[in-house]
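Presented below is the structure to which this report refers.
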Amino acid sequence: MEYKKKIYIETYGCQMNFSDTQIVGSIMADHEFDTTKNIAEADLIFVNTCSIRDNAEQRVRARLKEFNRYKKKKPGLIIGVIGCMAERLKEQLIEEEKMVDVIVGPDAYRDLPRLLNLAESGQKAINVMLSADETYADIDPVRLESNGVSALISIMRGCENFCSYCVVPYTRGKERSRDPETIVNEARGLFEKGYREVTLLGQNVNSYKSKPGIGFPELIKMVALVNPLLRVRFATSHPKDLSDELLKVMAAHPNICRSIHLPVQSGSDAMLKRMNRKYTRDWYLGRISAIKQYLPDCGLSTDIIAGFSDETEEDHQKTLSLMTQVGYDYAFMFKYSERPDTLAAKKYKDNVPEDVKGRRLQEIIYLQQKLSLASNKKDIGKTFEVLVEGFSKKSKEELAGRNSQNKVVVFPKGDFKPGDYVNIKIVSCTTATLKGEVIGDNAGKL
Ligand code: 5AD
Ligand code: SF4
């Protein structure tokens, strides 16, 4: 039997990166590579990287050192950096660090086979060209690490919002939307294979526009119509583009999940202006009111940055008060990390001391834990339809899934299996999880 080379891919960063890894897996499979989860048998190691904060990059550098130790034992091994760090650091990774053989930016994955040939013959293999139109629309992602129930579908690429702190417009280039038919076909194909949930992905899905007349509300409706048993989620939304139109479409389609991730970043107008977010606190709260009006049971989550340039104690307090006012179910919370070449790096000093950033972040995390617990407690006694994803983390006697609001729900397994919809009455909770009991099997309807 012919020996097939093996590729091991490790992924860091956002869901978009996980989705890209599946595209890379597919391109490599077409060129006779099998993916492996066992690094020891790999002929090729790729790390799909994130540049959003300095610590994300440091983690990858540490991993590259370990990969190079493997290389000492296996001289033919090829190490590649793909994704956002490849785009940001370019030749630097090959020249200064000498730890990498192949460097490929997020829009150049089709070029991988040629680049690998170059690397195998000992030449410099780098392509970090960004594209105005690449969407990988025709590539059928290899569903690596999949639970067979939920899948990511990338609907657009790039970002042109230029939030002052953010590296993404530089690493992922211009915004472009994928053809709607290819998206709907991918969703239909997944449903036919047994998947029951798709997440439509983009840096800012609400600015999706492909053909005239098809914006995000129209697209999500097309996907929701694939089958009422297919749940549809989306991420991420920029508040400035979250339209009433979308909220109306969500309200009309029960299989579009009642969950919106709406990154606020800060509760202070001064900070929002410096961050170039293009909305005010009041305007953001207006969007939250609209969500609550159209979708009274909608789950809400957000992203928050602590300690951006010039942030005062008063600004920080405004973030805390906004969090309480909205009552988020969940939040991703970060210390500001200055990224080279961004607008903020050029214009604004990273002048909040590290210990102050740390303390503010802790206060934000502490408050969010209280809010998450309060939100979960309110669910006790309610019944939710849960899509089963697999066993709970703690026990093979329990299953775990999510409700429409995106909360994790754990319950005794009975005869249920991944992909089933089960009605669960919530009886207790922690900060992170709802626990409940089965009320009846309602497989077949939403
Ligand atoms: N420092 C800290 N957090 C950042 N984010 C983006 N850029 C930075 C940065 N330079 C956060 C934002 C964004 C999330 C994906 O990462 O909150 O919404
Ligand atoms: Fe990280 Fe942003 Fe790139 Fe995603 S798009 S991998 S969050 S830098």
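Atoms within a ligand are numbered from 1 in the order they appear, just like the ligands themselves.
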Between the side chains of [X] and [Y], does any donor sit under 3.5 Å from an acceptor?
X: Q15; Y: S19; value: no
X: S259; Y: Q405; value: no
X: D54; Y: Q58; value: yes
X: R114; Y: N117; value: no

So does [Y] get a backbone contact from the side chain of [X], meaning a donor-acceptor N/O pair under 3.5 Å?
X: R157; Y: P106; value: yes
X: T302; Y: V264; value: yes
X: N276; Y: F162; value: yes
X: D315; Y: S268; value: no

Metal site atom 3 (Fe) of ligand 2, protein N/O/S atoms found under 2.8 Å: 1
Ring-face cation of R339 near Y165 (centre distance under 6.0 Å, axis angle within 45°): no
Heavy-atom gap Q15 to ligand 2 smaller than 4.0 Å: no
For Q203, the ligand 2 atoms whose distance to one of its heavy atoms is below 4.0 Å: 5 (S)
Neighbour list for ligand 1 [protein residues, heavy atom under 4.0 Å]: I52, R53, Y165, Q265, D303, I305, F334, K335, Y336, S337, R339
Which atom of S237 lies closest to which atom of P263, heavy atoms considered: O-CD, 3.2 Å
